[in-house]
A.B. asks: 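First the structure, which I've put down as structure tokens, then a few questions once you've had a look.
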Amino acid sequence: MAIHVEGLVAIVFFYVIILFVGIWAAWKNKNSGVAEGKDQSESIMVGGRDIGLFVGAFTMTATWVGGGYINGTAEHVYLPGYGLAWAQAPFGYALSLVVGGLFFAKPMRSRGYVTMLDPFQQLYGATLSVIVDININMSVTISALIAIFYTLVGGLYSVAYTDVVQLFCIFVGLWISVPFALANPAVSDIGVTAVKNVFQTPWLGSIHPSDGWMWADNFLLLVLGGIPWQVYFQRVLSASSATYAQVLSFLAAFGCLVMAAPSVLIGAIGASTDWNQTSYGSIPPTERDESDMILPIVLQYLCPPFVSFFGLGAVSAAVMSSADSSILSASSMFARNIYQLALRQSASDREIVWVMRITIFVFGAMATALALLTGTVYGLWYLSSDLVYVIIFPQLISVLFIKGTNTYGSVAAYVFGLLLRVGGGEPYLKLPPFIYYPGWYEEEKVHHLTKDVEHNIVQKFPFKTVAMLASLLSNMVFSGLARYLFESGVLSHKYDFLDAVVSKHSREIMDKTTLVGNENIILSQITAPVRRKTVVAVAGTFMNTEVLSEEGEMSPDFNECE
């Protein structure tokens, strides 16, 4: 296999720049937040809550503009039978950021949470499993190692500042490449190929009426399922105010659309190319099962070497912008929500920092191993996106906006959502359905190279959205049922084994994370010693009576902690 020298040099060049910026950001902000009395661990997670508009807008845009985003957009525009009409990510994720800014950013930031799981622990306790938000699209080990290193050193500050460089590289690198690719003699007028069949079906694409529900189902998955991710809320919670958090979301929505434009054009160029006139060969990428590589293929075979240098560097920057954010978000949730609040409330700040550093390395190594050893990396990521929409989104709605839900309803919601989603099957993972929704049919797929024949079940019914709504409804129904059974005396309080109903009205068995903020409780009576700084940090997160009580007013003591 020949080595693409320009691509190798580009990767090394851009990685050195990004590594330098990451280390510089860590050094520049090493004492930020700590000088004001804040814990170092919180500064690593949310950057001292002083991320400004410029850096904040870039880093929040980079939440979605990664390797999968720019490559996937180009791939869908290029794919025959799909085209721009099915390239939903740019519009879906942009609208997701708008919805997140309108309805979720302000309540999350104003309540002083540190991670996305804080409101879950506040209402449901520590019984929920961690959503390990690891992006596993990393394809090169060195990219993971560099991302791990500067994330380890500087936390959110390094991630945020490197995101500025990465997005600049993506934007400049791809836009420099587009004019040269368009001018290549092998490329036809993309205005003509948009509506006429030249080398393949028109790249604008179309939506058949029978596919309307499936298109809407996938679009809602992107819009609503794009909200409950720690990589998004880590930016929201790092903003200097709730209003800033909203503004950052709106700016990032615009940024997502702008960053998708060159990918759309590159996909259109791929669909308008006579590959027989290039060194790539007469067989087009779609017939070699290389449609997912259309963006780097266009850069390599339709642009001069010095131009592809910048384009391929942009791709490598995009990959890293996804990796660092995901590794940091996973380690933040583990260190705070599992280690600090569930396992060791008495842990020192230094101990939590070291737990974060260890988990950054561990999650980074896991992501790299998956990228190198798993044959269905994209499929695993795709299914995880579905599960976030079906399971986590209704849970987030419940903890923020629906009063009265509890752990019993939450568990029931998980079960119903997971059952209905997995029951619909997943062809990419070769997961057969055991629930056949209305409108299903069997599709035969022949691989161009191996000539193997696959028979997949296609579900046109919007079962993902139905599963999400069923999850939300079951949370409310089973939460209400549990409250009725225990509060009416039908079931004895001793059977409330999750402490989800009775404990809400009993100070003796209330969760310790709530007790430590109550002035009427003697801290020495609690079995585990609690540090003063931990008391303030935990109370600042969990004594929000907007969720815990009907009045929705904070006590004076709580405001002092803030």
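Since we're looking at a predicted model, the values are computed, not measured. Any value given below was found using the heavy atoms of this structure, including those in side chains, with hydrogens, waters and symmetry copies removed.
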A.B. asks: Using ring pair (Phe, Tyr, Trp, His ring centres under 6.0 Å) as the criterion, list what pairs up with Tyr244, not counting sequence neighbours.
C.D. replies: none

A.B. asks: Of all heavy-atom pairs between Ala253 and Val98, which one has the smallest distance, and what is that distance?
C.D. replies: CB-CG2, 3.7 Å

A.B. asks: Tell me whether the count of non-hydrogen atoms from other residues, nucleotides or ligands lying under 6.0 Å of CZ in Phe393 goes above 12.
C.D. replies: yes

A.B. asks: Side-chain contact, heavy-atom cut-off 4.5 Å: Ile227 with Phe233?
C.D. replies: yes

A.B. asks: For Ser110 versus Pro107, what's the shortest heavy-atom pair and its separation?
C.D. replies: OG-O, 3.3 Å

A.B. asks: Might you work through the side chain to side chain contact (heavy atoms under 4.5 Å, CB included) test for Tyr232 and Leu97, ending with a clear yes or no?
C.D. replies: CA-CA 9 Å; Tyr232 167 64; Leu97 287 164; 3.6 Å; yes

A.B. asks: Find out whether Asn218 and Lys464 are in side-chain contact, i.e. whether some heavy atom of one side chain is under 4.5 Å from a heavy atom of the other.
C.D. replies: yes

A.B. asks: Can you tell if the side chain of Leu420 reaches within under 4.5 Å of the side chain of Val390, non-hydrogen atoms only?
C.D. replies: no

A.B. asks: Heavy atoms only: give me the nearest Ala245-Arg109 pair and the separation to one decimal.
C.D. replies: CB-CB, 4.2 Å

A.B. asks: Nearest heavy-atom pair of Thr61 and Cys256: which atoms, and what distance?
C.D. replies: CG2-N, 3.9 Å

A.B. asks: Is there a side-chain contact between Ile391 and Leu418, using heavy atoms and a 4.5 Å cut-off?
C.D. replies: yes

A.B. asks: Name the orientation class of the two ring planes belonging to Phe401 and Phe104 (parallel below 30°, tilted from 30 to 60°, perpendicular beyond 60°).
C.D. replies: perpendicular

A.B. asks: Could you report the tightest heavy-atom contact between Asn475 and Gly409, atom names first, then the distance?
C.D. replies: OD1-C, 3.2 Å

A.B. asks: Evaluate the ring planes of Tyr408 and Phe497, with Trp represented by its six-membered ring, and classify them as parallel (under 30°), tilted (30 to 60°) or perpendicular (over 60°).
C.D. replies: perpendicular

A.B. asks: Using a 3.5 Å distance criterion without hydrogens, assess whether the side chain of Asp217 forms a donor-acceptor pair with backbone atoms of Leu221.
C.D. replies: no

A.B. asks: First locate atom CE of Met108, then atom CG of Leu400, and finally report the distance between them rounded to the nearest 0.5 Å.
C.D. replies: 6.0 Å

A.B. asks: Does Tyr389 form a side chain to side chain contact (heavy atoms under 4.5 Å, CB included) with Thr465? I'd like the steps, not just the answer.
C.D. replies: CA-CA 8 Å; Tyr389 173 54; Thr465 299; 2.9 Å; yes

A.B. asks: Can you check whether Ile402 reaches Ile397 side chain to side chain, under 4.5 Å on heavy atoms?
C.D. replies: yes

A.B. asks: Any side-chain heavy atom of Val501 within less than 4.5 Å of one from Tyr495?
C.D. replies: no

A.B. asks: Begin with the C-alpha distance, continue with both residues' side-chain angles, and end with the deciding distance and a verdict on side chain to side chain contact (heavy atoms under 4.5 Å, CB included) for Asn71 and Asp292.
C.D. replies: CA-CA 7 Å; Asn71 282 294; Asp292 58 333; over 6 Å; no

A.B. asks: Between Arg421 and Glu426, is a side chain to side chain contact (heavy atoms under 4.5 Å, CB included) present by the stated rule, with each step listed?
C.D. replies: CA-CA 9 Å; Arg421 171 60 189 95; Glu426 181 51 57; 2.8 Å; yes

A.B. asks: Drop me the distance from Gln395's CD to Ser471's OG, to the nearest 0.5 angstrom.
C.D. replies: 5.5 Å

A.B. asks: Holding to side chain to side chain donor-acceptor pair (under 3.5 Å), I want the full list of residues that pass it with Tyr69, two or more places apart in sequence or in another chain.
C.D. replies: none

A.B. asks: Taking Ser96 for its side chain and Gly92 for its backbone only, find out whether a donor-acceptor pair lies under 3.5 Å.
C.D. replies: no

A.B. asks: Hey, are the side chains of Val236 and Met60 touching, using non-hydrogen atoms and a 4.5 Å cut-off?
C.D. replies: yes

A.B. asks: Among residues at least two apart in sequence or on other chains, which ones pass ring pair (Phe, Tyr, Trp, His ring centres under 6.0 Å) with Phe250?
C.D. replies: none

A.B. asks: Just verifying a value: how many Å separate Leu95 CG and Leu224 CG, rounded to the nearest 0.5 Å?
C.D. replies: 8.5 Å

A.B. asks: Do Ile392 and Tyr414 have side chains that get closer than 4.5 Å, going by heavy atoms?
C.D. replies: yes

A.B. asks: So how far is it from Met476 CE to Thr405 OG1, rounded to the nearest 0.5 Å?
C.D. replies: 9.5 Å

A.B. asks: For the atom pair OG (Ser238) and CG (Leu248), what is the distance rounded to the nearest 0.5 Å?
C.D. replies: 7.5 Å

A.B. asks: Say you draw a straight line from CG of Leu220 to CD of Gln88; how long is it, rounded to the nearest 0.5 Å?
C.D. replies: 9.5 Å

